[in-house]
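Okay, so here's the structure we're looking at.
Note: hydrogens, waters and symmetry copies are ignored here, and every other heavy atom, side chains too, is used. Predicted, not measured: the structure shown is a model, and the values here were computed from it. Chain letters run A, B, ... following the sequence lines, proteins first, then strands; residues in each count from 1.
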2 protein chains.
Amino acid sequence: MAERRSVRRSSRGGDNVTVQDLADAAGVSIASVSRALNNSVKVSDDVRRRVRDAADRLGYVPHAAARALASQSTHTIGAVVPTLENPNFAIGVEALQKRLTQAGYTLFVASCGYDMDQERQQVETLVTRGVDGIMLVGALHSTGLNDFLRSRNIPFVDTWVMSGDPRVPSVGFDNMAAAIQMTDFLLDLGHKNFGVIAGVTKSNDRAIARVKGIRKALKARGLPLKQERLIERPYRIVDGQLAMRALMTEKNRPTAVICGNDVLAFGAMLECQRQGIKIPGEVSIVGFDDLDFASQLVPPLTTINVPADKIGEAAADYLLAAIENRPNLLAPQISVNLIVRGSTAPPPDRPT
Amino acid sequence: MAERRSVRRSSRGGDNVTVQDLADAAGVSIASVSRALNNSVKVSDDVRRRVRDAADRLGYVPHAAARALASQSTHTIGAVVPTLENPNFAIGVEALQKRLTQAGYTLFVASCGYDMDQERQQVETLVTRGVDGIMLVGALHSTGLNDFLRSRNIPFVDTWVMSGDPRVPSVGFDNMAAAIQMTDFLLDLGHKNFGVIAGVTKSNDRAIARVKGIRKALKARGLPLKQERLIERPYRIVDGQLAMRALMTEKNRPTAVICGNDVLAFGAMLECQRQGIKIPGEVSIVGFDDLDFASQLVPPLTTINVPADKIGEAAADYLLAAIENRPNLLAPQISVNLIVRGSTAPPPDRPT
DNA sequence: TTGAAAGCGTTACCAG
DNA sequence: CTGGTAACGCTTTCAA
C-alpha cells in the first residue's frame, strides 16, 4: 500500500494529496473518505470530522477527472454561442455561468462565429469532454446534431428562440411574433414606407424569423418589402451606419427603419446624426435587444427588451433539472416586450 | 473479456464505444488503438488505418476524463475575468478561446465580479478541474494565490497589466503610463481644470494604476486633483452620466474629463448632449479601451486603444508555451496607443 | 511494431 | 456505519 505512492508517474511538483493520503491521515478507509467528502449520509460525524480535518490540513484538492471517470458525471456544462462580442450572448453566458457555479457545475465556453459546422465541431468537442449538458443558441443546427445529442443522452437546450417542437427544449421567445409586434406598432403610427437593416440571415434563425415577421406584418397591410429596402449586415455599428446611408440615399426615403438589433440601430442613428436627419422627426428607428445603451441614447431607442440574463439563468435551471432527472419544468418562456421610447413617432407630413 | 462490458454500471443510453471496442473491431490490442489514435510514430500504417476505420464506423468519441486521468493532462485551460459584460473582457476571452481551440484545448470560463475572494474560489475550482493553465485579469489577487498556483505547478498569466515582477508572467500594458500619456496630452492642450470619472478601484489594479497615472501627471505640473473632482463608479453608461452630471454642477466646471473607460466616457458624453454642453468646445472628454463605438460617436472619442483580442491571443500563446515547456517566449508586451479624435480640444477661453 | 498489464484518483457495490 | 475492491476508459512503460 505504501508502494502505491512511490510508483507514481506524477511529474508535477506539488505531489497532489489523494483520497488515499486522507485515508491514511484520518485512519479510515478510502471508501469512508469518499463518503465523508461527498456528504453521504452513511458516515459517522466522527469520521466526517477527521476526514475534513485531514483534508484541510493536507490541502486536499479533489481530482475532477478521476471523479468523472468513476461517477460517470463531470458536473460540467458546455455552451456554444455565435460570439461573445455580442453583448447579448456575453450577458447570457455570464448569467448561465453564475447559476451553474452556484450548483457546483463548471462551464465550458465556445463560440462558433454564426457557423453551423463550427458549432457542430464545438459540440463534439464538448461531448468528448463529457459535459452533462449543453446550451446552444438558436434552433437551426447542423443536420443530425439533435439526434447525436439525444443518442448520447446529453440534455441540451436551444436559446433565444422558442421551438414549436416539444422534443426540442428551448428557452427563449418567438422572434417572429416580436418582429410583428414591432412592425405593427410602426404601422399603427402611420408608417407606410419601411427600411430594414437585418442581421445576416445565413445560419441565423433569429434573424430569419425577425425578417419574416416584418414581412408578414407588412403584407397584412398590403405593403410589400422591396428588395432594396432590406439590407443584411453583420451586427456591428459601422454596418448599421453604412446600411442607413444606403437607405437614405434613395429618392423616396423610408420613414421608419427596423434594425435587427440595437447595435445596428445605434449605427443607423449615428448616421442620421451625422447627416443631420432628425429622429424621429424625419425617420423613426427601432432596434432589438434593449442593450444598456438603448435607453441612454439621444433620443432613447424604441426596441424590444430581451432579458439575456434571464435566458441564461433559465437555460441553467432547465439543464440542471434535466441532468438530475427532475420532473422537467416546462421549458420556461421568456417574455420580451416592446419598449417605446423617443426614437419613434408618426411619419412626417409629406407624400410618401 | 466479454464480461467486462456486461459489468458496466453505465446508466446512460448511448452505450459509448471504447478503446476496447475499437481493439476488438480492428483486431489489435488496446495499446495499439491508443497509439494509432494519438498519432504515435510507432504504429504501422496498416494498424493505423484499421483503427481509424473502426473508430469512424463505430462512432468512437474519446473520453476526456479517462484520458486526463491516465495522461495527467487535461488539455484544458481556465479563465477568470471580472465580468463578461465588459466588452473588453468578452473580446479577450473570445480570442483566447479561438486560439485554444486551434491548439486542441478547451476553455473553462468563470467570472468573479471584480471580487478577489470570488476569484480565488473560481481558481480553486479550476484547479480541481485539473486545468493545465489559467488566465487571470490584473495582478492583484487574493493573498497566496500565486504561490498556490506555483506550488501546484500550474502556469498562469496576468492580463491587462504589465507586472514588474518577472516571476509573474503577464500579458498587457502599463496602465499608469497610459494614463500619464493621456493626461499629458490634455495638459499640453492647455487644460488645467480636470475631472476624473474612474472605475471602482477596490480590487481593481487597472483602475488604481490609471488614477495614479493621472495624479502623477497632474502633480508634475503642479496641479493637484481635488477630492470632489475624482468620482469612482462602476463601468456602466448610466454611472458615467450621473458622474458627469455631478462634475458639471460645480461652479468651476472642469474643462477636461478623463474617464476610466469608454463606457463611462460614453455616459459622460450623453450627459453633455442632454445638457447641451459642447464637446469639445466646453469640455474635452476622453476614454480608455477604444471599444468599437468610440470612433463612431459624435464627436468621435479620444481614447487609448487596447487590443483586447491581442491580449487574449497572447495569453493563449504564453500559456500553451508554458504548458508544453517550450522556451518561454518573454511575456509579450501589448502596445496601447493614444487615439486622438474629436472629443478633445484646447480649453475654452475663459478664466478657469 | 506490437501486446500485456500496471496504473491514474475516485466512486460505488458488497460484505461485514 | 465501515472496509475491501472492482470498475471507470485510457495512456504508458516493459517485454517480446
Original post:
Between the two ends of the helix from C/dT1-D/dA16 to C/dG16-D/dC1, what is the bend in degrees, rounded to 10 degrees, where each end axis spans five pairs?
Top reply: 30°
Original post:
Given atom CD of A/Gln72 and atom P of C/dT11, what is their separation to the nearest angstrom?
Top reply: 13 Å
Original post:
Can B/Thr128 and B/Glu124 be said to form a side chain to side chain donor-acceptor pair (under 3.5 Å), step by step?
Top reply: CA-CA 6 Å; B/Thr128 290; B/Glu124 290 187 359; over 6 Å; no
**OP:** Quickly work out the B/Gln20 CD to C/dG3 P distance and round it to whole Å.
**Re:** 12 Å
Subject >> Nucleotide nearest A/Ile30 when distance is taken to its side chain, options C/dC8, C/dT1, D/dT5 >> reply: D/dT5
Subject >> Side chain of B/Ser29 - closest among D/dC8, C/dA4, D/dT2 >> reply: C/dA4
Original post:
Between atom CD1 of A/Ile154 and atom CG of A/Asp132, what is the distance when rounded to the nearest 0.5 Å?
Top reply: 8.5 Å
Original post:
Taking B/Ser111 for the side chain and A/Glu94 for the main chain, is one N or O donor matched with an acceptor at less than 3.5 Å?
Top reply: no
Original post:
Roughly, in whole Å, what's the span from CG in A/Asp45 to P in D/dC1?
Top reply: 9 Å
Original post:
What nucleotide among C/dC8, C/dT11, D/dT12 has an atom nearest to a side-chain atom of A/Ala70?
Top reply: C/dT11
Original post:
For B/Phe108, what residues pass the ring-ring contact (aromatic ring centres under 6.0 Å, His included) criterion, not counting sequence neighbours?
Top reply: A/Phe108
Subject >> A/Arg120 with A/Asp117: basic N within carboxylate O range, under 4.0 Å >> reply: no
Subject >> Under-4.0 Å salt bridge between A/Arg49 and A/Asp53 >> reply: yes
Subject >> Presence of A/Ser34 side-chain N/O under 4.0 Å of C/dT11 phosphate oxygens OP1/OP2 >> reply: yes
Original post:
OP1 or OP2 of D/dT2 sitting under 4.0 Å from any side-chain N/O of A/Ser44?
Top reply: yes
Subject >> B/Leu69 side-chain proximity, nearest of C/dC8, C/dT1, D/dT2 >> reply: C/dC8
Subject >> B/Asp24 CG - D/dG9 C1' separation (whole Å) >> reply: 14 Å
**OP:** For B/Val33, answer base if it contacts any base atom (sugar-phosphate contacts may also be present), sugar-phosphate if it contacts only those atoms, and nothing otherwise; contact means non-hydrogen atoms under 4.0 Å.
**Re:** nothing
Subject >> Under-4.0 Å salt bridge between B/Arg52 and B/Asp56 >> reply: no
Original post:
Is A/Asp147 paired with A/Arg150 through a side-chain N to carboxylate O contact shorter than 4.0 Å?
Top reply: yes
Original post:
Once you round to the nearest 0.5 Å, how far does CZ of B/Arg50 lie from CG of B/Leu22?
Top reply: 12.5 Å
**OP:** Select one nucleotide: of C/dA12, D/dG3, D/dG9, the one nearest the side-chain heavy atoms of A/Ser32.
**Re:** D/dG3
**OP:** Nearest whole angstrom, please: distance from the P of C/dG9 to the CG of A/Leu37.
**Re:** 15 Å
**OP:** Please state how far atom CZ in B/Arg49 lies from atom P in C/dT2, giving the value in whole angstrom units.
**Re:** 12 Å
Original post:
From C/dT10, C/dG9, C/dT2, pick the nucleotide closest to the side chain of A/Val19?
Top reply: C/dT10
**OP:** May I ask you to decide if A/Leu140's main-chain N or O and A/Asp205's side chain share a donor-acceptor pair within less than 3.5 Å?
**Re:** yes
**OP:** Rounded to the nearest angstrom, tell me the gap between atom CZ in B/Arg35 and atom P in C/dA5.
**Re:** 14 Å
Original post:
Between A/Ala31 and B/Val43, who's closer to the 5' end of DNA chain C by nearest nucleotide?
Top reply: B/Val43
Subject >> DNA chain D-proximal residues of residues 54-68 of chain B, any heavy atom under 4.0 Å >> reply: B/Tyr60, B/Pro62, B/His63, B/Ala66, B/Arg67
**OP:** Whole angstrom is fine here: how far is it from CZ in A/Arg48 over to P in D/dC1?
**Re:** 9 Å
